[in-house]
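First the proteins, then the strands, lettered A, B, ... as listed; each starts at 1. The basis for the numbers below is simple: all heavy atoms, side chains too, and nothing from hydrogens, waters or symmetry mates.
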Amino acid sequence: MYNVVLIDDEALFLEGFRKKIDWNSYGFTVSASFQNPCDALRYLMENPVELVVTDIRMPFMDGLAFIKELRGFMPDVPVIILSGFSDFEYAKEAIRYQVSNYLLKPVSTEELALTLIELKEKLDEKFDKKTSAGNSEGYYSKLVENIKRSVLRNFRTASLESVALEMKMSTNYVSKIFKKVSGQNFSDYLIEVKMTNARRLIEEGSFRIYEIAYMVGYDNPKNFTRAFRNYWGDSPRECRENGFRE
Amino acid sequence: MDSGNNSVAKIRRVFFIKNLITYFVLLLVPVIIFCLVAIAVVERDVISLIETNTNTVFNMSGASIEDMLFSSSRIGIYVNTHADMLIALLSVFQNGYSAENNPAFVAYNNFLDDFIASAPYIHSVCLYKEDSDYIVIGGSVRRINGFGNEQFMDSLAGSSGSVLQKNNVMLNAFEGRGTDVITFITALKYGMVLAININEAYVCDMLDMATQYPSEKLFLADSNGEVITGNHVFKTQYPLVSQESYLRQSHDLLEGNYRLVSYIPDSVVHDASHSIFLILNLVMGTAFIASAIISLVLTRNSYKKINEMLKLFEKNGGLDDIVIDPVAHFDMYHYVVESIARSYIRETRLKEKVVQGELDLTRTQLSALQYQINPHFIFNTLQMIDIAVNDDELRSEASHMIGLFSSILRYSIQNPSQLVSLEEEISITRMYIRLQDLRMRGRAIVLWDYEEEEIEGLNFIRMFFQPVLENIFQHGIRPDGQVTTARIRLKRFDDFLFIAISDNGPGMSNENLLSIRKSLRQDTPPSHHIGLYNVNRRLELIFGPEARLRMLNIEGGGLHITTKIPLQKIRNDTF
């Protein structure tokens with residue numbers, strides 16, 4: 001478990017944020033939260049953590065000033081900044097202090113999850129930890145199986161991001177593993193699933209082309225037609241009339 | 001200001017050159033004309049002067065020669081009129097009888113002496129008779145044998161009538177070269193011939209003195225054109241050099257038997273014009289320098305003035321009161337320029353203020369309009385979230401809803417007067433659709449119809465699709481349970497972007513349609529359909545009246561909303 005410290009001047013937010021996602025399932029635990037950045041600094045000097053999440057605009061100490069201080073004695077710890085309004089100037093300055101991510105309030109659960117997944121993988125690498133299941137072949141194949149199952153279940157709305165979130169892994173990781181195990185790009189697999197289902201729906205005969213497009217997840221029929229033609233060689237209409245090439 | 005300075009420097013150069021050319025030409029043209037006229041006049045005057053002078057020369061020298069000859073003829077007259085002299089001479093010629101004692105001869109001698117004394121140009125006087133062995137030279141009788149002077153004797157022998165001839169006579173053996181003379185031969189009675197030898201040198205000197213110009217050639221010729229004698233210039237440069245051209249004049253003497261000819265080289269005529277030409281060159285040089293100086297001074301002055309004017313405009317670029325430095329010296333030109341500059345600056349400021357005012361007004365209107373649509377949307381969505389939170393099935397979606405909602409909200413309140421990329425507007429619309437999906441639960445779907453390449457590089461207003469779709473989701477859902485499909489078509493055609501949003505819902509009655517159309521045209525927002533009114537107003541404000549929303553009922557049910565935007569207004573030029 002990696003330790004996280006939360007800092008925000010609103011107590012209600014701190015509580016809600018803590019409960020917002022299941023930190024443990026992503027490999028983190030909230031060891032402390034502070035409303036006053038000075039208290040946080042004092043705590044951090046004694047207690048090393050692996051992640052700091054802080055608001056930018058706070059009455060006691062400006063978020064950026066806090067980070068500057070923090071960097072003084074913890075130059076490498078990842079920091080996530082939260083802000084109520086997208087403030088470009090702040091973002092620019094934040095980059096200078098090597099901030100991991102800059103999230104806008106209200107914090108999207110997905111975005112937070114994705115960030116945590118990525119951070120965990122980086123920290124794992126850094127501390128040379130290996131996932132409990134290790135590098136066993138079986139683990140990876142199982143993972144890919146799960147991915148495929150998820151895609152087949154929700155092919156209309158499935159995407160690399162949604163699958164990665166579901167698996168609680170970074171998109172890079174999912175993409176790499178999938179390719180390694182199945183030999184196929186995830187995006188190609190996704191299209192394969194969609195197109196296969198599209199064929200099924202065409203052969204069923206009771207749906208209009210645009211309805212089929214929507215059902216396999218294309219809200220723009222033109223894009224669907226293009227992808228269909230790329231995959232099957234003919235347009236959906238032609239395939240409906242003349243059948244599919246084998 | 002750099003390009004300004006460069007162009008001012010260029011203007012300065014051009015101005016200087018123009019001035020230079022102007023003054024130079026102004027000074028030069030009259031001078032050249034004057035010089036040409038002067039040369040023509042002078043040459044003409046010089047020629048007439050030469051002619052006058054030569055006439056004088058001719059008159060003088062002609063008179064001298066005629067004088068000489070006329071005087072000489074007195075001797076002939078004397079001899080002819082003194083019979084005793086004639087007899088004496090005849091006997092001398094007959095038998096060489098010494099004439100010294102003959103009183104007639106002595107008288108002749110005396111006469112001759114007197115004559116010669118008054119006529120220093122006379123070299124000798126000869127009396128001659130053909131077939132005689134004797135010749136009378138001066139006052140002495142000499143035998144022809146041993147006299148020598150063959151040429152001279154030949155000329156005496158072959159003479160008929162009055163003749164002028166050049167001869168060389170040697171009176172004594174010790175003379176050496178002999179003397180060049182001009183012999184004037186006249187016939188006397190009884191076949192006798194009188195020959196008066198005039199010193200050629202005397203004639204030459206006389207001709208020399210007569211000439212007016214140092215290079216003038218003056219000579220005496222007979223009616224055949226044979227030269228008898230001439231001035232020293234003539235003798236030293238005889239024959240005539242043909243390279244030079246000459247002014248030739250002649251004067252007849254002795255009833256046309258002889259002629260005085262004068263040759264004056266043209267250079268004499270041109271001497272004067274030559275000096276004029278040199279003066280012209282000098283004047284041209286001076287004129288050029290003078291005009292250069294004047295142009296330089298004028299250019300510097302103008303340059304300074306232009307610079308001041310430019311500084312004036314620069315200084316007054318801001319919003320402060322117009323600042324013009326007090327003029328050190330009063331100058332009409334400066335005063336006029338100042339007044340013009342003041343008016344111009346004032347006018348420009350006013351225009352800027354007006355434009356700024358208009359801009360501010362539009363911005364305010366746009367902001368107001370854009371912010372206006374949000375309460376409607378905000379409360380709807382909050383309502384939705386409230387429902388979701390309290391519903392067992394939808395609770396897990398609540399967080400997702402909030403995420404979508406805040407993204408859309410953030411997007412909608414930013415930069416109302418600025419355009420966003422069409423892709424971003426479509427992307428946010430898709431988020432809105434997802435938000436509504438959770439509410440619609442399959443009752444409505446939205447299909448897009450566009451080519452991705454066609455929308456690349458285009459900009460649009462924020463929150464265009466959302467209010468229109470909202471209208472459909474609120475009032476346009478099919479009551480018969482079938483899926484309501486909304487179609488959004490985007491197509492580029494003919495320098496326009498065409499957007500059509502149509503649905504297969506129940507549509508609206510014709511009265512409603514008419515009333516909506518009317519309310520879109522109002523100046524103030526209507527009580528209903530604020531969203532559509534809002535979108536329409538913003539389209540008109542930003543893209544002009546052509547971009548207004550057009551609404552039609554679809555046969556069979558449904559509403560068809562279209563707009564067209566000129567591509568040039570939404571093309572992203574940096575693309």
Side-chain angles (χ1 to χ4, degrees), chain A residues 12-13 16-23 25 82-91 102-115 154 156-159 161-162 165-166 206-227 229-230 235-236, chain B residues 381-382 385 389 395-415 422-424 426-427 429-438 440 442-455 465 469 482-492 502 504:
Chain A
L12 195 61
F13 175 82
F17 197 68
R18 202 195 266 254
K19 292 191 195 145
K20 191 174 178 62
I21 60 166
D22 184 7
W23 294 82
S25 71
L82 308 175
S83 172
F85 201 86
S86 61
D87 200 337
F88 186 57
E89 290 307 314
Y90 253 83
Y102 188 106
L103 300 176
L104 296 171
K105 285 182 181 175
V107 180
S108 140
T109 317
E110 285 91 1
E111 224 181 323
L112 181 60
L114 280 166
T115 312
N154 303 313
R156 183 170 88 86
T157 53
S159 69
E161 284 79 16
S162 67
L165 260 172
E166 212 185 302
S206 52
F207 298 105
R208 320 267 281 276
I209 303 290
Y210 74 82
E211 286 172 332
I212 295 175
Y214 190 81
M215 285 192 278
V216 297
Y218 289 86
D219 68 356
N220 187 341
K222 284 202 164 85
N223 288 348
F224 168 70
T225 311
R226 192 181 309 151
R229 192 196 301 265
N230 270 346
S235 79
Chain B
T381 313
L382 286 174
I385 294 168
V389 159
R395 189 170 298 129
S396 54
E397 303 288 339
S399 192
H400 187 57
M401 277 182 175
I402 289 167
L404 290 172
F405 178 51
S406 36
S407 297
I408 297 169
L409 205 55
R410 213 185 314 268
Y411 171 82
S412 76
I413 62 175
Q414 279 171 341
N415 302 323
L422 187 50
E423 284 144 329
E424 199 182 339
I426 291 174
S427 167
T429 310
R430 283 197 162 108
M431 275 191 221
Y432 169 75
I433 293 167
R434 280 213 333 262
L435 202 57
Q436 299 303 313
D437 271 347
L438 300 168
M440 290 291 116
R443 271 178 298 156
I445 63 172
V446 178
L447 292 178
W448 296 82
D449 187 352
Y450 62 87
E451 296 286 358
E452 307 234 354
E453 308 87 60
E454 281 195 10
I455 65 161
F465 297 105
L469 289 174
Q482 287 199 16
V483 174
T484 310
T485 312
R487 237 202 201 94
I488 304 178
R489 274 199 202 86
L490 298 111
K491 186 105 190 98
R492 272 209 211 190
S502 48
N504 64 352

field: Residue part contacting chain A, namely of S407(B), when any heavy atom lies under 4.5 Å
entry: neither
- request: Let me know if Y450(B) has heavy atoms under 4.5 Å from chain A in its side chain, its backbone, both or neither.
  value: both
Contact check, side chains of [X] and [Y], non-hydrogen atoms, under 4.5 Å:
{"X": "R156(A)", "Y": "Y214(A)", "answer": "yes"}
{"X": "H400(B)", "Y": "R434(B)", "answer": "yes"}
{"X": "I212(A)", "Y": "Y218(A)", "answer": "no"}

query: Looking at S108(A), P106(A), P221(A), which makes the most heavy-atom pairs under 4.5 Å with chain B?
result: P106(A)
task: For chain A, find which of L404(B), V446(B), V483(B), I433(B) contributes the most heavy-atom pairs closer than 4.5 angstrom.
output: V446(B)
field: Interface residue of largest heavy-atom contact number with chain A, from I488(B), L447(B), I402(B), under 4.5 Å
entry: L447(B)
field: Contact origin within E211(A) toward chain B - heavy atom pairs under 4.5 Å
entry: neither
task: Could you label the plane-to-plane angle of the F13(A) and F17(A) rings as parallel, tilted or perpendicular, counting under 30° as parallel and over 60° as perpendicular?
output: parallel
- request: Find the distance between NZ (K105(A)) and OG (S406(B)) and round it off to the nearest 0.5 Å.
  value: 12.5 Å
